Amino acid sequence: RQRNAKVEDLWSLTSFFGFTTETFVLAVNILDRFLALMKVKPKHLSCIGVCCFQLAARVIEEECDIPSAHEIIRISQCKCTASDLRRMETIIAEKLHFEFKATTALTFLHLYRAIVLCHTSEREELLNLDKLEAQLKACHCRLVCSKAKPSVLALCLLTLEVQTLKSVELFEILLRVQKHSKISDSELLYWRELVSKCLADYSSPECCKPDHKKLVWIVSRRTAQNLQNSYYSVPELPTIPE
């Protein structure tokens with residue numbers, strides 16, 4: 001549960017700073033790889049998550065767009081210091097042997113989608129990339145889905161989407177992709193059921209989703225004015241009469 005909550009915080013941070021889905025997915029990948037190697041105390045998880053976010057941003061985003069450690073700490077409400085982040089970064093880097101880049105489910109999602117679109121007469125809008133990426137983010141917020149192979153998770157999302165479209169042509173193309181990727185029917189069926197349940201739970205009104213807007217309210221006017229316009233802008237509100 002704590003891991004899932006931290007991933008949702010990473011989603012909120014990614015949205016707040018206007019970073020790409022690739023940054024979010026890589027941050028989750030770094031976090032999960034580190035947690036698989038190390039047994040960490042809950043009180044350290046917040047610092048670890050912020051550090052993973054910062055490492056992923058350095059790999060994916062333009063250097064000029066990456067906020068300082070102090071800004072990330074301020075926005076994330078992480079109870080750590082910049083020196084804490086530096087020490088944690090050293091620990092994560094050593095445990096992962098400085099290998100931050102990874103082939104993720106997003107990599108396969110883009111690849112498989114491109115293959116399908118190259119072999120179909122269907123409109124590109126049918127496989128909406130924004131929708132598929134949003135579904136992938138939701139899956140990453142559930143620990144159970146992180147256990148799936150990246151290629152299998154990506155194929156599950158595409159097959160579920162094609163299933164809703166009821167397109168025989170697209171389904172046949174995905175069958176060829178599945179065969180080429182050497183993914184068995186039993187493996188795909190097992191994970192597709194879990195992914196389907198995850199998406200159904202996530203879309204239900206009872207589910208608590210990442211609150212991207214909550215980060216806005218902890219930024220003071222002076223702080224907001226010092227941030228880059230791409231990060232945050234303060235609306236001009238009229239004076240409230242007494």
Side-chain angles (χ1 to χ4, degrees), residues 1-15 19-40 42 45-46 48-49 52-53 55-56 59-60 92 96 100-113 116 127-165 171 174 177-178 181-212:
R1 181 179 298 179
Q2 291 173 333
R3 176 267 180 198
N4 292 348
K6 181 47 55 184
V7 171
E8 291 179 354
D9 289 343
L10 293 178
W11 189 348
S12 296
L13 280 174
T14 305
S15 298
F19 289 165
T20 62
T21 301
E22 190 177 1
T23 297
F24 166 75
V25 171
L26 182 59
V28 176
N29 179 275
I30 294 172
L31 175 65
D32 285 340
R33 279 191 284 154
F34 182 72
L35 294 180
L37 295 172
M38 298 292 293
K39 187 175 182 180
V40 303
L45 196 55
S46 180
I48 293 170
C52 292
F53 171 78
L55 288 169
V59 174
I60 305 299
I92 294 175
L96 298 184
F100 302 125
K101 293 183 179 180
T103 301
T104 65
L106 183 66
T107 308
F108 284 101
L109 186 64
H110 286 184
L111 175 62
Y112 290 163
R113 179 178 176 272
V116 171
L127 293 177
N128 185 276
L129 188 57
D130 289 338
K131 179 181 178 181
L132 290 168
E133 288 188 355
Q135 291 175 338
L136 179 60
K137 289 177 182 178
C139 288
H140 277 309
C141 290
R142 298 294 181 266
L143 179 61
V144 63
C145 291
S146 71
K147 307 296 184 182
K149 295 178 182 177
S151 58
V152 175
L153 181 55
L155 191 59
C156 285
L157 290 172
L158 282 168
T159 53
L160 286 171
E161 184 64 15
V162 168
Q163 187 175 311
T164 62
L165 296 173
F171 185 74
L174 285 178
V177 171
Q178 177 191 345
S181 301
K182 298 180 181 180
I183 299 173
S184 67
D185 291 338
S186 58
E187 184 178 23
L188 183 63
L189 179 62
Y190 173 80
W191 286 108
R192 191 166 62 190
E193 289 180 356
L194 288 177
V195 169
S196 178
K197 185 180 184 302
C198 170
L199 295 179
D201 291 344
Y202 202 80
S203 62
S204 67
E206 291 81 12
C207 177
C208 295
K209 300 175 179 60
D211 185 3
H212 314 312

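Sequence positions, counted from 1, serve as the residue numbers for this chain. Keep in mind that what you see is a predicted model, and the values were worked out from it rather than measured.
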Between Ala102 and Arg33, the two heavy atoms sitting closest are CB-NH2, 4.1 Å
Candidate list Thr20, Thr104, Ile30, test side-chain contact (heavy atoms from CB on, under 4.5 Å), partner Val25, passing option: Thr104
Using 0.5 Å steps for rounding, measure from the CD atom of Glu161 to the CG atom of Leu132. 5.5 Å
Could you check whether atom CD of Glu187 has more than 12 heavy atoms from other residues, nucleotides or ligands sitting under 6.0 Å from it? yes
Does any N or O in the side chain of Arg192 come within less than 3.5 Å of the main-chain N or O of Thr159, such that one atom is a donor and the other an acceptor? no
By the definition ring pair (Phe, Tyr, Trp, His ring centres under 6.0 Å), identify the one residue from Phe24, Trp11, Phe19 that meets it with Phe53. Phe19
May I ask you to test the Arg3-Val28 pair for a side-chain heavy-atom distance under 4.5 Å? yes
Roughly how far apart are Leu194 CG and Lys147 NZ, rounded to 0.5 Å? 12.5 Å
Pro150 side chain reached by Thr103 side chain, heavy atoms, under 4.5 Å: no
What pair of heavy atoms forms the shortest contact from Leu136 to Ala105, and how long is it? CD1-CB, 3.8 Å
Measure the shortest side-chain to side-chain distance between Leu165 and Phe171 over non-hydrogen atoms and say whether it is less than 4.5 angstrom. no
Show the numbers, then the answer: is there a side-chain contact (heavy atoms from CB on, under 4.5 Å) between Thr21 and Thr14? CA-CA 8 Å; Thr21 301; Thr14 305; over 6 Å; no
Between the CG atom in Leu35 and the NZ atom in Lys6, the distance rounded to the nearest 0.5 Å is 11.0 Å
Would His110 and Leu106 count as a side-chain contact (heavy atoms from CB on, under 4.5 Å) here? Give the steps. CA-CA 6 Å; His110 286 184; Leu106 183 66; 3.5 Å; yes
Gap between atom SG of Cys139 and atom CH2 of Trp191 - 0.5 Å precision: 10.5 Å
Within this structure, what is the CG-CG distance for the pair Leu160 and Leu199, rounded to the nearest 0.5 Å? 6.5 Å
Is Ser181 close to Phe108 at the side-chain level, that is, under 4.5 Å between some pair of heavy atoms? no
Closest contact, heavy atoms only, His140 versus Val7: O-CG1, 3.4 Å
Hey, could you give me the SG/CG distance between Cys198 and Leu143, rounded to the nearest 0.5 Å? 11.0 Å
Can Lys137 and Glu8 be counted as an ion pair, charged N to O under 4.0 angstrom? no
Give me the atom names and distance for the closest heavy-atom approach of Asp185 to Gln178. OD1-NE2, 2.7 Å
